[in-house]
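Position 1 is the first residue of the sequence, and the numbers go up from there.
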Amino acid sequence: MPNDRRVDPWLEKLEWVMDRAIPVGPWSFGLDPLLDLVPGVGDALSTVISMAVVVRAFQMRLPKSAIARMTLNIAIDSLVGAIPILGNIFDFAWKSNSMNLAIYRSALAQERDSSSDVAFILAISAAFLFLLAAPFLLIGWLLYKSGLFG
């Protein structure tokens with residue numbers, strides 16, 4: 001692993017800009033939910049910017065489980081954020097960049113057993129495959145129940 005085990009200042013600045021730069025009373029938000037107000041393009045741009053911490057985590061050779069958790073946070077942000085109106089409200093509360101920076105810091109601070117990484121990656125992969133298959137299984141089941149195919 002690289003010798004320098006500090007969080008890059010630009011990652012901290014990125015997290016602040018994307019999730020906390022605009023205070024409103026006791027709450028704050030950043031550019032992430034504002035970008036997501038632009039349909040399609042805003043969601044994609046927000047996702048690409050958020051992936052910077054994941055790319056840096058790969059470069060730092062952080063545990064794969066930490067990288068998978070960061071990627072999952074971004075996926076949740078992107079998927080739920082794409083839902084009109086509800087997704088926009090969700091984006092103000094779900095701060096994937098802040099969560100990912102916390103995961104990054106934690107992974108930097110500790111050495112982890114790679115066997116736990118493998119188990120976590122397998123579990124995430126299985127869940128992802130299920131989520132990919134679920135809509136097709138549901139459509140097939142609805143078509144079967146409708147009597148069109150059986």
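Side-chain contact between I83 and F90 is absent, with no heavy-atom pair separated by less than 4.5 Å. L35 has its side chain out of reach of D91: every pair of non-hydrogen atoms, C-beta onward, lies at least 4.5 Å apart. In this structure the side chain of I139 never reaches within 4.5 angstrom of the side chain of L142, judged on heavy atoms. Looking at heavy atoms from C-beta onward, N73 lies in side-chain contact with W94 at the 4.5 angstrom threshold.
The closest donor-acceptor contact from the side chain of S106 to the backbone of I103 lies at 3.5 Å or more, if one exists at all. In this structure, the side chain of D19 does not engage the main chain of G30 through any donor-acceptor pair within 3.5 Å. The backbone N or O of I67 lies less than 3.5 Å from a partner atom in the side chain of T71, making a donor-acceptor pair. Side chain of D43 to main chain of S78: no donor-acceptor pair is present (N/O by atom type, distance under 3.5 Å, no hydrogens or angles).
Side-chain polar atoms of D77 and S96 form a donor-acceptor pair below 3.5 angstrom.
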Full working for side-chain contact (heavy atoms from CB on, under 4.5 Å) between M18 and S46:
CA-CA 8 Å; M18 293 300 286; S46 176; 4.0 Å; yes
Would you sort out whether V17 and L14 count as a side-chain contact (heavy atoms from CB on, under 4.5 Å), showing the intermediate values?
CA-CA 5 Å; V17 167; L14 178 75; 5.8 Å; no
Can you list the steps and then say if Y104 with L108 is a side-chain contact (heavy atoms from CB on, under 4.5 Å)?
CA-CA 6 Å; Y104 187 97; L108 279 178; 3.3 Å; yes
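Residue-environment remark: CH2 (W27) stays at or below the threshold of 12 foreign heavy atoms within 6.0 Å. Within 6.0 Å of CG in L138 there are more than 12 heavy atoms belonging to other residues, nucleotides or ligands.
Taken from CD1 in I74 to OG in S50, the straight-line distance is 5.0 Å, to the nearest 0.5 Å. Here CZ of R56 is found 4.0 Å from CG of D8. Values are rounded to the nearest 0.5 Å. For the atom pair CZ of R20 and OG of S28, the computed distance is 6.5 Å after rounding to the nearest 0.5 Å. Separating the CD1 atom in I22 from the CG atom in L31 is a distance of 6.0 Å, to the nearest 0.5 Å.
Cluster annotation: F58 and V7 are assigned to the same hydrophobic cluster (Ile/Leu/Val/Met/Phe/Trp/Tyr, side-chain heavy-atom contacts under 4.5 Å, transitive). Note: the hydrophobic cluster containing V55 does not contain L45 (ILVMFWY, side chain heavy atoms under 4.5 Å, direct or indirect links). No continuous path of ILVMFWY side-chain contacts below 4.5 Å connects M99 to L79, so the two sit in separate hydrophobic clusters. Cluster membership for M51 and V53, using ILVMFWY side-chain heavy atoms within less than 4.5 angstrom, is shared. In terms of hydrophobic clustering, with Ile, Leu, Val, Met, Phe, Trp and Tyr side chains grouped at heavy-atom distances under 4.5 Å, F92 and V24 are assigned to a common cluster.
Between E12 and R105 there is a salt bridge, since at least one side-chain N of the basic residue sits less than 4.0 Å from a carboxylate O of the acidic one.
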